[in-house]
Amino acid sequence: MKSDKKPDVAVIGLGYIGLPTAAIVARSGCRVHGVDVSPHVVETINRGEIHIEEVDLDGLVQGVVSRGLLTASLEVPEADVFVIAVPTPFDKDHAPDISYVLAAGRSVAKVLKVGDIVILESTSPVGTTEALRDMIAEMRPDLKCPGLTSEIPDISVAYCPERVLPGKILEELTNNDRSIGGITPRCARKALAFYKLFVRGTCITTDSRSAEMTKLVENAYRDVNIAFANELSIISDKLGLDVWEVIRLANRHPRVNILSPGPGVGGHCIAVDPWFIVHSAPEESPLIRTARGVNDCKIHHVIARADELVKANPQAKVACLGLAFKANIDDFRESPARLVAATLARRFGSRISVVEPYAAELPREFEGTGAQLIDVDTALEQCDLLIVLVDHDVFRSVPLAERAGKVVYDTRGIWMDQPKVAEAVVPGLRLAS
Ligand code: SAJ
């Protein structure tokens, strides 16, 4: 990458990370070519539009496309820097599937030239960046690859994970610190020069394996801590305690900071990435594996308690509040709330309504159940039993007076002022008197 000229950049994979990254790099003045396997995605972006929801992304993409800085295509073009941001799912045995990374690497390898930089951003098991390098070396014996030559290599290969929060992606892509792991220190320095073009946070160089593990560890750390909170909530239910009160008080300790229980852990990262560690070191990771189990079990605990409540109130109309995997976003994939609501809809049919301000219609699995999508005002007017599954601001702001007389199962602890049910039949429930 010459210092006097901004590099041409190819971003492979235009999803929740790739597209915002491509747009931000383009905003920094680089010419960016986005690549995706979906013709629909490519056409949408070339029109200056977006296929995903993210705060302020539409205006940014529209701006860089209209200035000619961002274009999209199905094929990987020549470039100076290649950023790979494709999915790394796991299979039914929780084994990571890096086939999309390798497929992207194959198309990059075909167009690589001396001086190019290949950066993997996808969350990946330890060793994936080296596997990518090995594959490039095999396909391109004409190029000296880092770590495999005693001479100055022709290309650089690095791993640089993102750590952005959905809903704050553009802000966090720019401001968060980043770990930049090179196959060699020289690779890390080359990648660092690229990230310095658009990252304001501190960029810290390391080796590729440490950077891969760091990404997995961040999400496993969160998963373990949420599991602790979820386990406390299940224990509190058994003992007839209010878990929110217990956590509120415990967190007054200067060195205690317990996270929030919920209906389980959703999204595509925290519930997935810990398995990459467990798969690499199964004997050595009992805590991480157990935490995954606790968080998955919490969904079934919530379903069982909600089921009990709906049956205990046979005349009640029921509103499930929220489908998203967390507050104030429109992402319903891998959402515990959605699973809970859909299970109740299948069991209780038209007694169940769903409030989700971020949805225009109910997802497909609700078809034929009789459940309806209603707004929050209708729920407050017509439903006697409220099951809070997502802590959207619009639910949080409903005053006690509007919840009076209703039975509430609040899995997110948003209505601390709701008086508790007097009897211990369904402990932890709150009821307005
Ligand atoms: N959750 C709880 N209790 C809490 C916090 C979260 O039940 O106290 C639940 C949420 O409701 C949600 C799930 O956990 O269902 C995950 O939500 P989140 O906001 O904790 O995280 P994500 O999945 O949106 O984003 C995470 C972030 N990782 C960390 O905070 C360590 C983000 O920085 C990563 O970039 C992202 O994963 C990713 O792409 O890996």
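All values reported here derive from a predicted model rather than from experimental measurement. Both ligands and their constituent atoms are indexed starting at 1 by order of listing.
- For atom 28 (N) of ligand 1, the closest non-hydrogen atom of the protein is Asn219 OD1, 2.8 Å.
- With Pro263, Gly266, Ser335, Gly267 as candidates, the residue nearest to atom 13 (C) of ligand 1 on a non-hydrogen basis is Gly266.
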I'd like to know whether Glu121 forms a side-chain contact (heavy atoms from CB on, under 4.5 Å) with Arg178, so could you lay out the CA-CA distance, the side-chain angles of the two residues, the decisive distance to 0.1 Å, and finally the verdict.
CA-CA 11 Å; Glu121 285 209 3; Arg178 296 196 76 138; 3.2 Å; yes

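- Nearest protein heavy-atom contact of atom 20 (O) of ligand 1 is Arg222 NE, 2.8 Å.
- The closest non-hydrogen atom to atom 34 (C) of ligand 1, taken over Val164, Thr123, Leu165, Thr411, comes from Val164.
- The single protein non-hydrogen atom nearest to atom 19 (O) of ligand 1 is Lys326 NZ, 2.9 Å, given as residue, atom name and distance.
- Residues His268 and Asp331 bring a donor and an acceptor atom of their side chains to less than 3.5 Å of each other.
- Of the options Leu259, Ile226, Ile270, the smallest heavy-atom separation from atom 1 (N) of ligand 1 is shown by Ile226.
- Ligand 1 lies out of reach of His268, whose nearest heavy atom is not under 4.0 Å from it.
- A cation-pi contact links Arg305 to Tyr409, judged by a cut-off of 6.0 Å to the six-membered ring centre and 45° from its axis.
- Residue contacts with ligand 1 include Lys215, since one of its heavy atoms falls under 4.0 Å from the ligand.
- Under 3.5 Å, the side chains of Ser28 and Lys6 contain no donor-acceptor pair of N or O atoms.
- Arg163 and Asn176 share no donor-acceptor pair across their side chains, judged by distance under 3.5 Å alone.
- Ligand 1 lies within reach of Ser260, whose nearest heavy atom is under 4.0 Å from it.
- No side-chain donor-acceptor contact under 3.5 Å links Ser38 and Asp36.
- Of the N and O atoms on the side chains of Asn295 and Asp223, at least one donor lies less than 3.5 Å from an acceptor on the other residue.
- Taking the six-membered ring where the residue is Trp, the centroids of His392 and Phe395 are separated by under 6.0 Å.
- Evaluated by nearest non-hydrogen atom to atom 23 (O) of ligand 1, the leading choice among Phe228, Tyr221, Phe325 is Phe325.
- Set against the non-hydrogen atoms of Arg163, the atoms of ligand 1 under 4.0 Å away are 32 (C), 33 (O), 34 (C), 35 (O).
- Here Glu334 has no heavy atoms under 4.0 Å from ligand 1, in either its backbone or its side chain.
- Ligand 1 has no N or O atom lying under 3.5 Å from any N or O atom of Glu218, backbone or side chain.
- The aromatic rings of Trp275 and His94 lie parallel to each other, their planes meeting at an angle below 30°, with 60° marking the opposite boundary.
- Set against the non-hydrogen atoms of Cys269, the atoms of ligand 1 under 4.0 Å away are 36 (C), 37 (O), 38 (C), 39 (O), 40 (O).
- Judged by distance alone, the side chains of His301 and Asn230 never bring a donor and an acceptor atom under 3.5 Å apart.
- For ligand 1, the atoms closer than 4.0 angstrom to any heavy atom of Arg412 are 7 (O), 11 (O).
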